[in-house]
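Nothing fancy with the numbering, it's 1 onward along the sequence.
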Amino acid sequence: MQVDNSKKIDLIGRVLLTDVIAATDKFDCLNKFVQVRGVHVLVEWLQKAHKGKTGDGNSPKESDKAIEELLLALLRALDKLHVNLHALQTCNVGKSANHLRSHKNLEIQKKN
């Protein structure tokens, strides 16, 4: 399956997508998302959001509230996915989430 990376998903689109993942109860759908390396995309978004860069072409300093909303949505989605040890190690999701333990938002800190 070839992915077209020429069109980037904006901040709102990322929140919507991650909220859909978090709301999905179908194990086979979630498992397929993991198999197609969707976790890697979520971790990349997590890392960029934590640094305040969403990659959607908007101003470098997004509103803190929007970034926090994305971080919470990403953490909910990642929590929902059943990821094996190899996937965890290759995409560094643990390290990325661990950096959020010192985030100024207490809800984000508690999600870790």
Side-chain angles (χ1 to χ4, degrees):
M1 173 183 215
Q2 196 71 4
V3 177
D4 179 14
N5 289 328
S6 64
K7 295 178 182 153
K8 298 199 181 224
I9 300 174
D10 66 3
L11 184 63
I12 295 169
R14 291 177 185 197
V15 172
L16 287 172
L17 177 64
T18 53
D19 280 342
V20 167
I21 293 166
T24 300
D25 290 326
K26 301 275 187 191
F27 178 77
D28 54 331
C29 292
L30 296 171
N31 195 34
K32 185 67 173 177
F33 183 79
V34 171
Q35 289 174 1
V36 297
R37 300 177 49 89
V39 174
H40 292 272
V41 173
L42 296 183
V43 170
E44 181 182 319
W45 290 355
L46 183 73
Q47 292 167 343
K48 288 180 179 182
H50 181 60
K51 294 176 184 174
K53 303 173 187 171
T54 57
D56 62 1
N58 288 339
S59 64
K61 185 68 174 164
E62 295 281 354
S63 75
D64 288 344
K65 184 175 171 116
I67 294 292
E68 289 175 0
E69 185 179 344
L70 176 59
L71 287 170
L72 287 168
L74 285 163
L75 291 171
R76 285 190 299 270
L78 288 166
D79 188 47
K80 187 75 175 228
L81 297 170
H82 301 278
V83 183
N84 64 30
L85 181 60
H86 177 70
L88 288 172
Q89 291 171 333
T90 58
C91 68
N92 294 320
V93 67
K95 289 180 183 178
S96 299
N98 217 13
H99 289 294
L100 297 175
R101 291 183 190 265
S102 61
H103 197 277
K104 63 184 176 186
N105 182 311
L106 293 176
E107 190 177 357
I108 291 172
Q109 287 179 17
K110 289 178 188 176
K111 283 280 184 195
N112 285 306

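With sequence neighbours left out, the side chain to side chain donor-acceptor pair (under 3.5 Å) criterion links Lys80 to Asp25. With sequence neighbours excluded, the residues forming a salt bridge (charged side-chain N to carboxylate O under 4.0 Å, His left out) with Asp19 are Arg76, listed by chain and number. For Glu68, the side chain to side chain donor-acceptor pair (under 3.5 Å) criterion is met by Asn105, not counting sequence neighbours.
Separation of atoms CG (Leu72) and OG1 (Thr18) is listed at 10.0 Å; rounding is to 0.5 Å. In this structure, CD1 in Ile12 is found 11.0 Å from CG in Leu70, a value given to the nearest 0.5 Å. Put simply, CG on Leu81 and CG on Leu42 are 6.5 Å apart, with the number rounded to the nearest 0.5 Å. Once rounded to the nearest 0.5 Å, the distance linking CG of Leu46 with NZ of Lys51 reads 10.5 Å.
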In residues 30-37, what donor-acceptor pairs under 3.5 Å come from side-chain atoms, sequence neighbours left out?
residue, atom, partner, partner atom, Å
Arg37, NH1, His40, NE2, 3.4

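Nearest heavy-atom pair, Ala49 versus Ile67, reported as atom, atom and distance to 0.1 Å: O-CG2, 3.2 Å.
The residues Glu44 and Lys48 are annotated as salt-bridged, a charged nitrogen and a carboxylate oxygen being separated by less than 4.0 angstrom.
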